[in-house]
Amino acid sequence: MSVQMIDRPRVGVALAALAMLACSPGDSGVAFAKSAPGKRLEAAATVSGPGVMLRFVLAPSEQSARYRVRERLVGYELPNDAVGETKSVTGTIAFDSSGNIIRQESKFVVDAATFVSDKNRRDGYVRGRLLDAEQYPSIVLIPTKVRGVALPLPTSGSRAIEVTGDLTVRGVTRPTTWKGTAQFKDGRIAGSATTAFTFDDFQIEQPRVPVLLSVADTIQLEIDFNLIPQR
């Protein structure tokens with residue numbers, strides 16, 4: 001079986017996150033790295049305040065999200081990672097002149113019904129029983145804070161990043177932390193980020209089916225993202 005926004009999205013938000021936002025144990029991650037001197041992008045998301053200074057959107061068809069869960073199947077001696085991936089990821093992230101995320105202008109969305117793995121039976125179980133994609137069609141990440149980068153943004157190079165944000169799965173919302181890397185080139189931000197959580201965190205029933213000998217309690221959600229500036 002397999003499950004969890006964003007990668008590596010190989011999330012993304014990461015998302016910048018599922019930019020991001022996608023399951024196995026591990027740290028979480030998106031981010032924007034250091035650049036000096038400048039205004040650090042690590043303040044909490046603003047509800048109101050200065051207008052939008054920077055806005056990035058996910059480039060069409062240039063991002064993906066995946067879940068990763070460690071499982072052991074009947075007939076296999078060793079455990080393996082169940083992995084499901086989707087390219088149905090959209091999103092925007094906006095910053096004000098102080099480097100704060102503008103919450104009402106920032107959101108990443110993954111289509112919960114589009115994860116595909118190497119087994120059709122698993123895909124049906126994930127979409128129907130685990131994610132209940134018919135009732136809850138979207139996995140949503142609202143980024144609230146970014147660490148690791150400053151204004152003005154770097155014009156080249158790679159940085160380690162960390163993004164915190166509110167992740168909603170099956171109608172349940174919890175704070176998450178995403179860790180990853182971001183590459184800066186030609187005004188774009190590309191990279192990947194990861195977060196991890198348990199089935200219980202989002203009130204998801206841990207799979208118990210005859211073909212499964214065991215399944216880990218930790219889900220890793222990854223996102224690969226390519227953000228382009230929106231003028």
Tell me whether the count of non-hydrogen atoms from other residues, nucleotides or ligands lying under 6.0 Å of CD in Q230 goes above 12. yes
Are V172 and Y136 grouped together when hydrophobic residues (ILVMFWY) are joined by side-chain heavy atoms under 4.5 angstrom apart? no
Apply the test side chain to side chain contact (heavy atoms under 4.5 Å, CB included) to residues F199 and I219: give CA-CA distance (whole Å), side-chain angles for both, the deciding distance (0.1 Å), then the verdict. CA-CA 7 Å; F199 285 91; I219 300 164; 3.7 Å; yes
Could you grab the distance from atom NZ of K87 to atom CG of L58, nearest 0.5 Å is fine? 12.0 Å
If I compare all heavy atoms of A94 with all of S106, which pair ends up nearest, and what's the gap? N-OG, 3.0 Å
Any side-chain heavy atom of S156 sitting closer than 4.5 Å to one from K185? no
Taking the side chain as C-beta and beyond, is there a heavy-atom pair between T173 and F202 under 4.5 Å? no
A side-chain contact here means heavy atoms from C-beta on lying under 4.5 Å apart; do I204 and R170 qualify? yes
Where do A65 and V110 come nearest, in terms of heavy atoms and distance? CB-CG2, 4.1 Å
Contact between L153 and L54 at the side-chain level, heavy atoms closer than 4.5 Å - yes or no? yes
Heavy-atom donor-acceptor pair, T176 side chain to G165 backbone, under 3.5 Å: yes
Inspect the contact between R103 and D166 and indicate whether a charged nitrogen and a carboxylate oxygen are less than 4.0 angstrom apart. yes
Flag side-chain contact, heavy atom, 4.5 Å: L141 against K107: no
Identify the heavy atoms of A112 and I139 that sit nearest to each other, and give their distance. CB-CG1, 4.2 Å
Kindly give the heavy-atom pair with the smallest separation between Q183 and S158, and that separation in Å. NE2-OG, 3.6 Å
Nearest 0.5 Å please: distance from the CD1 atom of I101 over to the OG1 atom of T164. 7.0 Å
Spell out, yes or no, whether V116 and V126 are grouped together once hydrophobic residues are joined by side-chain heavy atoms under 4.5 Å, including indirect joins. no
Short side-chain to backbone donor-acceptor contact, Q63 and N226, under 3.5 Å: no
Over all atoms of both residues, closest heavy-atom pair of I189 and A182: CG2-CB, 3.8 Å
The criterion is side-chain hydrogen bond (donor to acceptor under 3.5 Å, both in side chains); which residues satisfy it with T114, sequence neighbours excluded? T86
Name all residues meeting the side chain to side chain contact (heavy atoms under 4.5 Å, CB included) criterion together with D201; count only those two or more places apart in sequence or in a different chain, and write none if there are none. R174, F197, T198
What I'd like to find out is whether the side chain of M53 reaches to under 4.5 Å of the side chain of D96, using heavy atoms alone. no
Less than 4.5 Å apart, side chain to side chain, heavy atoms only: is that true for R127 and D123? yes
Rounded to the nearest 0.5 Å, what's the gap from OG on S138 to CG on L131? Could you check? 11.0 Å
Mind checking the CG-OG spacing from D81 to S117? Nearest 0.5 Å is all I need. 12.5 Å
The side-chain hydrogen bond (donor to acceptor under 3.5 Å, both in side chains) partners of R188 (sequence neighbours excluded) come to E62
Check: F95 and I93 side chains under 4.5 Å, non-hydrogen atoms: yes
For V57 and T92, work out which heavy atoms get closest and say how close. CG1-OG1, 3.6 Å
